[in-house]
Asks: 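I have a structure here, written as structure tokens, and I will follow up with some questions on it.
Ligands are counted one by one from 1 in listed order, and the atoms in each one are counted from 1 as well. Computed from heavy atoms alone, side chains included, the values below leave out hydrogens, waters and symmetry copies.
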Amino acid sequence: MSVSAAILAAGKGERFGSDKLAIELDGRPLWRHAVDTFLSCPGVDEVVLVGRALPGATCVDGGATRVESALRGVEACRGEVVLIHDAARPFVSHGLISRVLEATLAHGAAYPGVAPADTVRHAPTGHTPPRAELLAVQTPQGCRRADWLRAQEAYQASGENPTVTDDVELIERIGIRAVPVPGDPTNRKITTPADLPTLMETRTGMGYDIHPFSQDATKPLWLGGVLFEGVGLEGHSDADALLHAVVDALLGGAGLGDIGEHYPNTDPRWAGQSSDLFVLEAATLVKREGWHIIHIDACLIAERPKLMPRRQEVRQRIAELVDIQPERVSLKATTNERLGAIGRGEGIAALVVATLARPTVGVQTWKSSYATPKAT
Ligand code: MG
């Protein structure tokens with residue numbers, strides 16, 4: 001049997017206070033999440049989108065009520081079986097769709113349900129039904145297209161107010177028994193902003209830099225924004241290799257390019273410039289994208305100078321520049337055991353890892369289900 005999915009995305013979200021289906025979730029409008037999941041779901045032959053426009057999908061206008069929108073969607077479906085889903089449930093999964101589809105094919109109609117966590121009470125009568133008998137009903141709900149249309153016709157003929165909010169309720173009115181399948185607690189309906197799950201997304205950035213010691217004996221030695229005794233490093237700016245690696249780790253974590261892109265060594269503005277400026281600006285750029293700098297772990301690779309006696313000072317300075325607590329900056333140093341150029345004392349290298357985090361809503365895989373393995 002051919003299978004169509006009708007995704008209802010016409011709702012205006014009156015309880016949400018704005019068009020809730022249009023809000024961005026992980027780079028896509030909320031309504032798009034369910035559509036993408038159905039489009040990529042095995043067993044679903046066609047997706048009909050109600051109330052939104054999307055190239056490549058069959059799109060129809062929504063109606064004034066949910067029943068009207070569902071009618072327009074089901075009428076546009078060509079499959080013998082229809083799965084009707086509310087786009088306000090963006091976290092629907094292939095597993096759940098498959099459970100509903102299999103039960104629909106086997107029994108004629110099916111819906112997902114989850115046991116309510118709260119006691120449910122019928123306020124007017126004070127009746128409290130046993131919780132074990134109750135199910136909170138989700139979508140998608142499945143049935144034969146012809147049955148749904150017949151139930152809809154009977155419903156219209158009855159002249160009742162359009163209060164049916166559920167397709168199972170509609171088709172059971174013509175004597176069809178829908179079977180429940182296990183729903184999914186994560187398949188929640190977004191009704192108010194509080195329903196949006198907030199997660200912390202964490203990213204890691206790495207940075208590496210190396211500079212040779214200068215031939216100019218008067219060049220000052222800057223490391224981690226702190227002035228050290230001895231001859232400095234050669235480079236376009238103050239050549240603070242440690243701060244340059246911090247900049248690259250921050251930019252890398254936020255996906256904002258690298259230090260060479262932002263501060264090219266061909267630009268006279270950066271000649272002799274203090275690298276403090278690069279770190280301040282990189283931290284600002286990263287924070288502007290909503291990231292919090294959680295931690296910086298730095299390792300200096302050098303035969304000289306001795307870093308350890310001034311470790312706290314350097315940690316403090318890096319922490320100041322990116323505006324985090326010094327406890328969130330780790331600083332280590334190692335020699336290169338006299339191996340290679342660093343081991344011969346010709347220069348200094350630095351490795352830095354930065355951890356960034358930002359609150360995000362509903363991190364989902366991005367079109368990953370469209371990827372197909374390369375032919376070998
Ligand atoms: Mg550099």
Asks: Could you tell me whether the side chain of His127 reaches within less than 4.5 Å of the side chain of Arg121, counting heavy atoms only?
Replies: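 No. Closest side-chain heavy atoms not under 4.5 Å.
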Asks: Is the Mg ion (ligand 1) less than 2.8 Å from an N/O/S atom of Asp240, whether that atom is in the backbone or a side chain?
Replies: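 Looking at Asp240, which is the residue asked about, there is no N, O or S atom under 2.8 Å from the Mg ion (ligand 1).
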Asks: Can a donor-acceptor pair be found between the side chains of Ser40 and His94 at a distance below 3.5 Å?
Replies: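 Yes, side-chain donor-acceptor contact under 3.5 Å.
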Asks: Check His244 and report its N/O/S atom nearest to the Mg ion (ligand 1), by atom name.
Replies: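 Nearest to the Mg ion (ligand 1) within His244's N, O and S set: ND1.
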Asks: Can we call the ring centroids of Phe38 and His85 under 6.0 Å apart?
Replies: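 When the ring centroids of Phe38 and His85 are compared, they turn out to be within the sub-6.0 Å range.
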Asks: With the Mg ion (ligand 1) at the centre, find the angle made by NE2 from His211 and OD2 from Asp209, to 10°.
Replies: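 Answer comes to 90°, rounded to 10°.
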Asks: For the backbone of Gly62 and the side chain of Arg72, can you confirm whether one donor and one acceptor N or O come within less than 3.5 Å of each other?
Replies: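 Checking the backbone N and O of Gly62 against the side chain of Arg72, a donor-acceptor pair under 3.5 Å is found.
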